[in-house]
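So the structure is just underneath, and the comments pick up after that.
These values consider heavy atoms only, across backbone and side chains, with no hydrogens, waters or symmetry-generated copies. Along the sequence shown, residues are numbered consecutively beginning with 1.
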Amino acid sequence: MIPRTEMEISKEPYSVDHTYKRFPVYKEAFVTVSFQDTGKMGYMLFLGKMLENMAKKIALGEEGYSQADNALDMGANTLNLLLGTYGFPNSQFLRWSPLFVPEMFAKKTLKLESEKLTEMVKQAAALYGADLTGIAGLDSRWVYSHDLVKPFKLVGSGEPEETETAFLIPERVNRAIVMAVAMDAELIEASPTVPGSTAASLGYSRMGIAAVSLAEFIRALGYTAIPCMNDTALSIPLAVDAGLGELGRHGLLITPEYGSNIRLCKVLTDMPLLPDVPIDFGVAAFCDSCLLCAKNCPSAAISTKGQITEGVCGNNNPGVKKWYINGERCLKFWQANGASCANCIAVCPFTTGFESMQCYECEKCDPQRRCELQVNTHLRMKYGYLKGEVWGNKPRVVIPGRRGL
Ligand code: SF4
Ligand code: SF4
């Protein structure tokens with residue numbers, strides 16, 4: 001990772017007011033659009049319309065939407081669907097109890113200094129496919145209030161478990177290990193055609209592998225682990241707390257190493273790990289006048305205005321000062337497109353680093369001074385995350401630390 005010493009901040013990385021409440025999953029656009037389409041509660045029911053339009057585009061022979069393009073996407077998504085299907089708490093391989101770890105390991109806690117345990121966890125996460133790993137204290141505000149039907153309850157003691165009426169998380173589970181998996185930058189550039197979606201599918205498969213494997217590693221050391229993909233808690237604020245990056249105008253995390261071209265997963269644990277520190281490397285200041293994601297969003301789902309706390313639609317959770325996204329507009333474009341979209345990741349200059357041509361589109365460009373993006377690009381080149389022959393031309397993204405899976 002790029003050293004964070006000069007980026008670390010001592011204040012809270014976001015402003016949260018008294019109106020904030022924990023977010024229920026049933027307010028997510030995946031659920032609300034699924035309900036509008038079918039009258040039933042579910043995450044995936046929105047896919048019906050998307051598949052109809054996918055079939056139409058295959059029949060029309062549209063470039064980037066062929067059967068072969070979709071086949072490549074489906075192959076990339078296999079491990080995601082097998083391991084955790086984007087994240088349903090305590091289901092499939094995301095179970096909250098050991099999968100294969102023998103009891104003699106699960107019941108024997110390896111006691112080591114926090115520094116050593118933290119180092120071991122970060123090394124294991126890298127081996128299982130995480131390209132970035134950070135540790136956060138588990139802030140209960142970021143735990144979902146409800147899944148589709150049941151609440152998540154934070155309780156005093158016991159083991160993590162799912163009862164008939166609730167998901168119970170004991171308060172000793174007070175750390176989140178947040179992992180980012182870098183996506184393929186060339187495939188993402190093809191958004192909104194199907195190869196862009198393939199980058200996301202592969203990212204989901206890789207994050208499933210990382211979350212499930214790391215949880216088993218932690219259990220085999222005698223600690224509790226809850227593996228999560230998109231489920232159980234909000235990944236982005238946990239990643240901000242874990243010092244992995246900052247929130248951008250497009251509602252996604254921007255990391256110093258890969259911009260937003262990542263997927264996030266996490267493991268919640270009672271292992272006494274050392275938390276990392278939130279960072280500021282100028283993202284919010286840059287987003288103030290960049291607007292590229294908003295201008296290139298086909299559904300006008302991204303705000304062109306300043307940060308607010310009220311939210312812009314029923315899918316939002318008000319009370320945090322930020323740029324809110326209209327989730328339903330975004331998802332309805334996916335349906336019409338016959339494939340998911342990642343234009344906001346593809347056009348974000350933090351995805352591929354500084355190119356001088358982007359200056360014409362950024363309202364703050366001042367040739368006399370380096371902007372936050374240029375400073376970040378220098379750092380990415382220095383630490384091996386970007387390669388470029390001529391400064392100002394488009395650099396090439398590299399993933400220097402990837403090991404294992
Ligand atoms: S994924 Fe596409 S439609 Fe959705 S916010 Fe990003 S650019 Fe807009
Ligand atoms: S495209 Fe520009 S405004 Fe949008 S998130 Fe990236 S830097 Fe911020």
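Classification of the F167-W96 ring pair by plane angle, with boundaries at 30° and 60°, yields tilted. Ring planes of F281 and F350: perpendicular class, angle over 60° (limits at 30 and 60°). Between F23 and Y144, the angle of the ring planes lies from 30° to 60°, which puts this pair in the tilted group.
No donor-acceptor contact under 3.5 angstrom links the side chains of T193 and E63, judged on distance only. Between the side chains of E52 and Q335, no donor N or O sits under 3.5 Å from an acceptor N or O. Side-chain atoms of N90 and E161 include no donor-acceptor pair closer than 3.5 Å. K394 and Q358 are not linked by any side-chain donor-acceptor pair at a separation below 3.5 angstrom, with hydrogens and angles left out of the test. A donor atom on one side chain and an acceptor atom on the other are not found under 3.5 Å apart for D147 and Y26. For the residue pair N77 and N80, a side-chain donor N or O sits within less than 3.5 Å of a side-chain acceptor on the partner. Defined by atom type and a distance below 3.5 Å, a donor-acceptor pair is present between the side-chain atoms of N337 and Y65.
Between the side chain of D131 and the backbone N or O of A182 there is at least one donor-acceptor pair closer than 3.5 Å. For S205 (side chain) and A76 (main-chain N/O), a donor-acceptor pair under 3.5 Å exists by modelled atom type. Of the possible donor and acceptor atoms, none in the side chain of D241 sits under 3.5 Å from a partner among the backbone N and O of L238. Not a single donor-acceptor pair under 3.5 Å links the side chain of Y204 to the backbone N or O of T85. Checked by atom type and distance alone, the side chain of N317 pairs as donor or acceptor with a backbone atom of K21 at under 3.5 Å. Proximity of a side-chain donor or acceptor of R206 to a complementary backbone N or O of V181 within less than 3.5 Å is not detected. When atom types are taken as modelled, the side chain of N70 and the backbone of S66 share a donor-acceptor pair closer than 3.5 angstrom. Looking at T109, its side chain never comes within 3.5 Å of a backbone N or O of K111 through a donor-acceptor pair. Proximity of a side-chain donor or acceptor of S191 to a complementary backbone N or O of G196 within less than 3.5 Å is not detected. Of the possible polar contacts, none joining the R249 side chain to the A294 backbone as a donor-acceptor pair under 3.5 Å is found.
Ion pair E12/R141 flagged as a salt bridge, since at least one NZ, NE, NH1 or NH2 atom sits closer than 4.0 Å to an Asp/Glu carboxylate oxygen.
For F30 and F46, the ring centers are positioned less than 6.0 Å apart. Taking the six-membered ring wherever Trp is involved, the centroid distance between the rings of H378 and W391 falls below 6.0 Å. Note: Y14 and W142 meet the aromatic proximity criterion, with ring centroids under 6.0 Å apart.
With a 6.0 Å radius and a threshold of 12 heavy atoms from other residues, nucleotides or ligands, Q67 has its CD atom at or below the threshold. Counting non-hydrogen atoms of neighbouring residues, nucleotides and ligands closer than 6.0 angstrom, the CD atom of E113 reaches no more than 12 such neighbours. For K295, the NZ atom is densely surrounded, since the number of other residues' heavy atoms within 6.0 Å is greater than 12.
Counting only heavy atoms from C-beta outward, the side chains of Y43 and D231 never approach each other to under 4.5 Å. Using a 4.5 Å heavy-atom cutoff, the side chains of T255 and I262 are in contact. Contact check for V25 versus H146: no side-chain heavy atoms found under the 4.5 Å cut-off. Taking the side chain as every heavy atom from C-beta outward, L274 and E115 approach each other to under 4.5 Å. T351 is not listed as a side-chain neighbour of M183, based on a closest heavy-atom distance of 4.5 Å or more. Counting heavy atoms from C-beta outward, M179 and L214 have side chains that approach closer than 4.5 Å. A heavy-atom distance below 4.5 Å is not found between the side chains of E162 and S97. Looking only at side-chain heavy atoms (C-beta outward), F354 and N376 stay at 4.5 Å or farther from each other.
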Could you check N315 against T32 for side-chain hydrogen bond (donor to acceptor under 3.5 Å, both in side chains), going step by step and ending with a plain yes or no?
CA-CA 8 Å; N315 303 120; T32 58; 3.1 Å; yes
Checking F152 against S145 for the side-chain contact (heavy atoms from CB on, under 4.5 Å) test, could you report, in this order, the C-alpha distance in whole Å, the side-chain angles of both residues, the deciding distance, and whether it holds?
CA-CA 5 Å; F152 289 93; S145 67; over 6 Å; no
Checking L82 against Q92 for the side-chain contact (heavy atoms from CB on, under 4.5 Å) test, could you report, in this order, the C-alpha distance in whole Å, the side-chain angles of both residues, the deciding distance, and whether it holds?
CA-CA 7 Å; L82 189 67; Q92 294 170 251; 5.6 Å; no
Assess the residue pair E257 and R4 against the criterion (salt bridge (Lys or Arg N to Asp or Glu O under 4.0 Å)); give the C-alpha distance rounded to whole Å, side-chain angles, the decisive distance to 0.1 Å, and a yes or no.
CA-CA 11 Å; E257 289 81 4; R4 272 140 167 77; 2.6 Å; yes
Passes salt bridge (Lys or Arg N to Asp or Glu O under 4.0 Å), D37 versus K332? Steps please.
CA-CA 11 Å; D37 285 358; K332 285 177 182 174; over 6 Å; no
In sequence, state the C-alpha distance, the side-chain angles, and the governing distance for R95 and E216, and then conclude on salt bridge (Lys or Arg N to Asp or Glu O under 4.0 Å).
CA-CA 10 Å; R95 261 190 9 219; E216 283 287 270; over 6 Å; no
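Contact between A220 and F105 at its shortest, heavy atoms only, is O-CD2, 3.4 Å. In this structure, G208 and L83 approach most closely via the heavy-atom pair C-CD1, 3.5 Å.
Taking CD1 of I226 as the start and OG1 of T224 as the end, the distance is 8.0 Å to the nearest 0.5 Å. Atom CG of residue D270 and atom CD of residue E171 lie 12.0 Å apart, to the nearest 0.5 angstrom. In this structure, CD1 on I302 lies 9.0 Å from CG on N296, to the nearest 0.5 angstrom. Distance check, rounded to the nearest 0.5 Å: CD1 of I325 to SG of C344 gives 7.5 Å. To the nearest 0.5 Å, atom CG of residue L138 and atom NZ of residue K266 are 10.0 Å apart. Distance CH2/W334 to CG/L47: 9.5 Å, rounded to 0.5 Å.
Take A166 and apply the side chain to side chain contact (heavy atoms under 4.5 Å, CB included) test, not counting sequence neighbours, and it matches P151, K153, T163, L168.
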